[in-house]
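Working notes, beginning with the structure itself.
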Number of protein chains: 2
Amino acid sequence: MKLNPYFADLDESYFFSEMRARTDAYAAMHPDEHLYRMGIGDVTQPLCPAVIQGLMRGVRDQSTMETFHGYLFECGTDFLRSAIAEHYATRGVTLFPEEIFITSGAGDEIGALGDLFSSDNTVLVTEPAYPAYVDTSIMGGRRIVHLPSGKADGFLPMPVPDLKADLIFLCSPNNPTGAAYTKAQLKEWVDYANTQEAVILFDAAYEAFITDSDVPHSIFEIDGAERCAIEICSLSKTAGFTGTRCGYTIVPNALIRNGQSLRALWVRSRTTKTNGISYILQRGAEAVFTPAGQAQTKASIAVYQENARIWMDALDRAGLWYTGGRNAPYIWVACPNGRSSWAMFDLLLTKAQIIVTPGVGFGACGEGFFRISMFSEPSEASAAAERFLSLMQTL
Amino acid sequence: MKLNPYFADLDESYFFSEMRARTDAYAAMHPDEHLYRMGIGDVTQPLCPAVIQGLMRGVRDQSTMETFHGYLFECGTDFLRSAIAEHYATRGVTLFPEEIFITSGAGDEIGALGDLFSSDNTVLVTEPAYPAYVDTSIMGGRRIVHLPSGKADGFLPMPVPDLKADLIFLCSPNNPTGAAYTKAQLKEWVDYANTQEAVILFDAAYEAFITDSDVPHSIFEIDGAERCAIEICSLSKTAGFTGTRCGYTIVPNALIRNGQSLRALWVRSRTTKTNGISYILQRGAEAVFTPAGQAQTKASIAVYQENARIWMDALDRAGLWYTGGRNAPYIWVACPNGRSSWAMFDLLLTKAQIIVTPGVGFGACGEGFFRISMFSEPSEASAAAERFLSLMQTL
């Protein structure tokens, strides 16, 4: 009996528990103070009425013999795959429904997609990074090369021709930095991947927050991406599905490596290792792509975008350098006066009762930065931004 | 770029597509004939009212800010883990809620649990077997030893002391044979696993069909199982969740290998590679364990059990050897007069319009047998059993 040997290579992450411990300790000592929680990457708006109706229809269908659904095709229902294909068509991206795999969400897919690849591969992770890219790669026994970024490149690292990689995680708009690649920048990554015969795992979880017209919502807006990219999409942030769970992954027919279709391999993986996604959740997800669903989910996102406007205004007035906010629900801020991430965390917690996420938790190059999440009630965001600005003016 | 090298070791399964092709060809030539579909392992009864109410409550909770749930703990909600622990307590099995992991169902877990183990392990698969045990082991790069069974042991193979294995798949009540281990038999397997320091992956998907008092519902009714077994449970057959998707897996605290807690490793795997199971589905699953849910799901199962009674009566009258039916929704029948599985399939299809599953599809030792599924409407089951008996009387 041998256990998975790669678990031992995982760093025990004390980061988030340390954040929680410092917050809890402060709260225990100041039980009457209100804390402004701007560290959480989770939605606060409930599901929109169209999605609730879709879910209710799904539940009702399961209640009578005539409309009941048992086992479904593991890769997704025709109705949802077609709805997503039509949604992509409105952006000028042509997909066959068979290229769209319905999933439990992006977090689950980042874990599962490793099944396609040998342990003997090198994974490029741009930093700062969502920790799951690193941890799932380690658990799969893969080598990791880190590509750091910083103020100089606006936290949008570009490919380094001499750096060899087999798999490349890209997240745009980015968590944690909120920075988003333009079409021209993403084209450089696509060309690099095609030259190297690498595969890009493109995390598009935050695409619904994009406002700039030259920032692509899908990597498949870029010529050649269909030959090198898998796109991992989520309804978590698009439609508030963080606790409801449904998403989709696109594996194009044109993606061939070593003479094999990755789409065909993924069909084989999913049909062997899963029994597909709940009919009820797929009916809820379908509703996101209706005209009513699109209008209502955009209205929810507008709440977070208004929070971003408030925070960007406060940061501009404080004269602090930042990325994000424009196309993402995160703002990534340079700590003033050379403070460390944790020093800034402690300062904001103790002097303004605002909780942010220290940037160093997302990789070494995040030191000296912190992340503010836009996922909060507008009244909280505006009160917190005001307290933040007042504190900055005292420094 | 190297793909997962083990996909190439998978046999292309033509079995189920061959079944479909022969059925479709017959139906095309006889468009007016009704086909009695007894080959399908999928429920036909809709979800019971208690579960529908639980799901509706889940959907409603997601519709308002006060009751909305975002990200949940990846291993499961407290309310559902506690409900399951209380359910096990009624059987005399004491579990801590933390030992219960909420899942998308057994099919998904069989695929995912490989993450705990090194490729360098030997997997024992009893045959006939559900194909996923073999295919997921191959995809994980593991060696497989097959332990065949047959009429002599009633399709209940017992451990062979000289056979070394690191992982052992057991399914009781069994798919496809419907045979179920007694407590004494399962105790032999538990002792064998503990002696070998192997881990039993116990698939309990069909436990709700057990009627014999000496057949355990859970492997944890056996002393010592908590030191060697992981139990994979499903609501698919228990409560009709095949298309709704929710189940649970039990990894006991006492299960230690190479000095490591498998439960702790599984927490690390799930928290890194998943974002947990839908709040809505967990509310539906919770309702299964209420008094109303228990009564109503038992009533659904009684429908399939009545089908089994009808079929067993017909088989007894035909004088055919079979296993299953008593504690399982499957009956596994010896083909009369030395016929092959496929010859029997063709005979039943063309002479009685009944579709069964050829036993050879579950491994070589299934040759000469066929599986009848009890998942059908009672009127279908009784009409099919009558046609079957008439045909057998002509042989």
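Below, read A as the first sequence line, B as the second, and so on, with proteins coming before strands; counting in each chain starts at 1. Note: hydrogens, waters and symmetry copies are ignored here, and every other heavy atom, side chains too, is used. In this text the structure is predicted, and so the values were computed from the model without any measurement.
- Contacts between B:Leu265 and chain A at a heavy-atom distance below 4.5 Å involve backbone atoms as well as side-chain atoms.
- Contact annotation for A:Val199: both backbone and side-chain heavy atoms come within less than 4.5 Å of a heavy atom of chain B.
- If you measure heavy-atom distances from B:Asn121 to chain A, the contacts under 4.5 Å come from the side chain alone.
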Report the C-alpha separation of A:Phe7 and B:Thr272 in whole Å, then their side-chain angles, then the decisive distance to 0.1 Å, and conclude whether the side-chain contact (heavy atoms from CB on, under 4.5 Å) test is met. CA-CA 11 Å; A:Phe7 274 89; B:Thr272 304; over 6 Å; no
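- More than 12 heavy atoms of other residues, nucleotides or ligands sit less than 6.0 Å from atom CD of A:Glu377.
- At a 4.5 Å heavy-atom cutoff, B:Ile40 makes no contact with chain A through either its backbone or its side chain.
- No side-chain heavy atom of A:Ile280 sits under 4.5 Å from any side-chain heavy atom of B:Arg245.
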Could you walk me through whether A:Asp135 and B:Lys273 pass the salt bridge (charged side-chain N to carboxylate O under 4.0 Å, His left out) check? CA-CA 9 Å; A:Asp135 289 348; B:Lys273 292 185 137 189; over 6 Å; no
From CA spacing to verdict: side-chain contact (heavy atoms from CB on, under 4.5 Å), B:Asn4, A:Leu116: CA-CA 5 Å; B:Asn4 179 338; A:Leu116 283 172; 5.8 Å; no
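- A distance of 6.5 Å separates CZ in A:Arg257 from CE in B:Met1, rounded to the nearest 0.5 Å.
- Residue A:Ile110: no heavy atom, backbone or side chain, is found under 4.5 Å from chain B.
- Contacts between A:Thr64 and chain B at a heavy-atom distance below 4.5 Å involve the backbone alone (N, CA, C, O).
- Among A:Phe375, A:Tyr71, A:Phe68, the residue with the largest count of heavy-atom pairs under 4.5 Å with chain B is A:Tyr71.
- Looking only at heavy-atom pairs under 4.5 Å with chain A, the residue among B:Asn275, B:Thr67, B:Asp166, B:Val43 that has the most is B:Asn275.
- Ranking A:Thr136, A:Thr122, A:Leu262, A:Asp115 against chain B, the residue ahead of the rest is A:Asp115, based on heavy-atom pairs under 4.5 Å.
- Both the backbone and the side chain of B:Gln45 come within contact range of chain A, each with at least one heavy atom under 4.5 Å from a heavy atom of that chain.
- Of the listed residues B:Cys246, B:Ser269, B:Ser236, the one with more heavy-atom pairs under 4.5 angstrom with chain A than any other is B:Ser269.
- Residue B:Asp61: no heavy atom, backbone or side chain, is found under 4.5 Å from chain A.
- When heavy atoms are compared at a cutoff of 4.5 Å, B:Arg60 approaches chain A by way of both its backbone and its side chain.
- With a threshold of 4.5 angstrom between heavy atoms, B:Asn258 approaches chain A through side-chain atoms but not through N, CA, C or O.
- The line from CZ of A:Phe117 to NZ of B:Lys2 is 14.0 Å long, rounded to the nearest 0.5 Å.
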Before giving the answer on side-chain contact (heavy atoms from CB on, under 4.5 Å), spell out for B:Val59 and A:Leu47 the whole-Å C-alpha distance, their side-chain angles and the decisive distance to 0.1 Å. CA-CA 9 Å; B:Val59 174; A:Leu47 296 182; over 6 Å; no
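- One finds the OG atom of A:Ser63 at 10.0 Å from the CG atom of B:Leu55 (value rounded to the nearest 0.5 Å).
- Side-chain atoms of B:Phe241 and A:Gln62, non-hydrogen and from C-beta on, never get closer than 4.5 Å to each other.
- In terms of heavy-atom pairs under 4.5 angstrom with chain B, the leader among A:Thr44, A:Leu72, A:Thr244 is A:Thr244.
- Contact count against chain B (heavy-atom pairs under 4.5 Å) is highest for A:Met139 among A:Glu109, A:Met139, A:His69.
- Contact count versus chain B (heavy atoms, under 4.5 Å) is highest, among A:Leu281, A:Thr271, A:Thr242, A:Ile52, for A:Thr242.
- For the set B:Gly107, B:Ala198, B:Ala106, the entry with the most heavy-atom pairs within less than 4.5 Å of chain A is B:Gly107.
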